[in-house]
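Quantities reported herein were computed from a predicted structural model and do not represent experimental measurements. Throughout, protein chains are lettered first and strands after them, A, B, ... in sequence-line order, and every chain is numbered starting at 1.
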Number of protein chains: 2
Amino acid sequence: MKAKVSHDDRSSGHAHAQTPNLEHFRTVLHEHMLKRGLRTTDQRKLIVETFFHSPNHVSIEELLAEVRRQDPKVGYATVYRTLKLLTECGVAFERKFGDGLTRYELADEESHHDHLICVDCNKIIEFEEPKIEELQERVAARYGFVLKSHKHEMYGTCSECQAKARGSIRRTGN
Amino acid sequence: MKAKVSHDDRSSGHAHAQTPNLEHFRTVLHEHMLKRGLRTTDQRKLIVETFFHSPNHVSIEELLAEVRRQDPKVGYATVYRTLKLLTECGVAFERKFGDGLTRYELADEESHHDHLICVDCNKIIEFEEPKIEELQERVAARYGFVLKSHKHEMYGTCSECQAKARGSIRRTGN
DNA sequence: ATGTGTGCAAAGAGTTTGCACAGCC
DNA sequence: GGCTGTGCAAACTCTTTGCACACAT
């Protein structure tokens, strides 16, 4: 089976350059909950705050592990349900890269980035490339489109996995 | 559980605009099989040819359904195994969009295109922008990646829908 | 004939859901 | 106190795997 890959993008240098405006997200979430008559429980508070302070692209499992360090009896289901809540009210984005896990990311519009994903070890690197963004707009304009959003994911092999592949004639089978 | 309306390209009308060089892929596959002592069975032939003539991003289920129209007793496992084979020898790419299904795509480097999708009328326009491709490579290189594939989808409003919106601005709400 | 390939069904992996009890409002 | 939320485990969905038989080579 697949190793649990948790190396993430910390190494990309400026992943969380400036801490995002958590207060804003707390407010959005709170209002959403008021509007729907949802309750503030210890578990939700814990999960939400843990998520807010997690590296980008946490998986449920990683998040749960972290949550359980503070409250070992929190269950999977609650994490799933809470993250779904965050997604619904626009505080988090749900991302599915190729590894079968759902990962979550703060819906931080300010720090827009796209993704570079290693197809071998599933490492995820965030990048920003203003020139690409600009070209996108130009392409859109060419077809008369006004852009709202985009998804740009690049899949390839990272340097480590290239080295690994060179070292042992590929019998990965992974 | 099927009939997922994930923004995909099936409505673009000409998924395989110009038929890719299938002969090339048949050769690659054949050599790969020779090299590994794999056998050419009726099921494999059928599955491979069906895949070659399927629209982009077929799911296993869609492919199996098509295959079974010619040979109803082909099993899931064989399709999975054959597609894995195609992936291994570089003839197909495995793609996981957000709907929990694995989709497969011909590894057709030549006719690469990305998608511009109207969020109002769901029109899909295929575009190519070599400058973006080039920048992608540069970004990848910056992080030591060797690219295999990418997904670039831009969502926005097409000119017609913009016009429509301008025509009836009054009761938009949001 | 030999050993790979196939179909079936069961096992895995990740996610969702039903239920009874806990605890917010 | 009413009703939502939680934890647990079972159910689900998609994919992989073990096994006995089928069939390319």
Can you tell me the distance, in whole Å, between the CG atom of B/L64 and the P atom of C/dG7? 10 Å

Quickly work out the B/I47 CD1 to C/dG5 P distance and round it to whole Å. 12 Å

So how far off straight is the helix from C/dA1-D/dT25 to C/dC25-D/dG1, going by the axes through five pairs at either end, to 10°? 30°

Tell me yes or no: between the side chains of B/K45 and B/T40, is some donor less than 3.5 Å from an acceptor? no

Does a nitrogen or oxygen in the side chain of B/T78 sit under 4.0 Å from OP1 or OP2 of C/dG5? no

Kindly say if B/Q43 contacts the phosphate of D/dC23, meaning a side-chain N or O under 4.0 Å from OP1 or OP2. no

Considering only side-chain heavy atoms of A/L101, which listed nucleotide, D/dG7, C/dT15, D/dT15, is closest? C/dT15

Rounding to an integer number of Å, can you tell me how far A/E88 CD sits from C/dT16 C1'? 14 Å

Are A/E134 and A/R138 within salt-bridge range, i.e. N to O under 4.0 Å? yes

Taken in chain and number order and not counting sequence neighbours, the residues that satisfy side chain to side chain donor-acceptor pair (under 3.5 Å) with A/T78 are none

When the distance from CG of A/L46 to P of C/dC24 is rounded to whole Å, what number comes out? 14 Å

Out of C/dG5, D/dT6, D/dT4, whichever nucleotide has its closest atom nearest the side chain of A/R39: D/dT4

Specify the residue among A/I60 and B/G37 whose closest nucleotide of DNA chain C lies further upstream toward the 5′ end. B/G37

Figure out the OH/P separation between A/Y80 and C/dT17, and round it to whole Å. 12 Å

From C/dT4, D/dC14, C/dT17, pick the nucleotide closest to the side chain of B/L38? C/dT4

Below 4.0 Å: OP1/OP2 of D/dT6 and any side-chain N or O of A/T41: yes

Assign the ring pair B/Y76 / B/Y80 to parallel, tilted or perpendicular, where the plane angle (0 to 90°) is split at 30° and 60°. parallel

Criterion ring-ring contact (aromatic ring centres under 6.0 Å, His included) on B/H30 and B/H32, from CA distance to verdict: CA-CA 5 Å; B/H30 190 234; B/H32 176 82; over 10 Å; no

Given C/dT15, D/dT6, D/dT17, identify the nucleotide with an atom nearest to the side chain of A/R44. D/dT6

d(CG, B/L85; P, C/dT6) in whole Å: 9 Å

Any salt bridge between A/E94 and A/K84, counting N to O under 4.0 Å? no

OP1 or OP2 of D/dC14 versus the side-chain N and O atoms of B/T102: is any pair under 4.0 Å? no

Would you kindly give the NZ-to-C1' distance between A/K73 and C/dG23, to the nearest whole Å? 12 Å

Can you say whether the rings of B/H152 and B/F127 are parallel (under 30°), tilted (30 to 60°) or perpendicular (over 60°)? perpendicular

State, without any angle test, whether A/E126 and A/N56 hold a side-chain donor-acceptor pair at a distance under 3.5 Å. yes

Classify the nucleic acid contact of A/K84 as base, sugar-phosphate or nothing, counting any heavy atom under 4.0 Å across all strands shown. sugar-phosphate

Can you identify which nucleotide, out of D/dG18, D/dG7, C/dC24, has its nearest atom closest to the B/R81 side chain? D/dG18

Separation of C/dT4 P from B/K45 NZ (nearest whole Å): 20 Å

Toward the 5' end of DNA chain D, which comes first, B/D42 or B/Y76, by nearest nucleotide? B/Y76

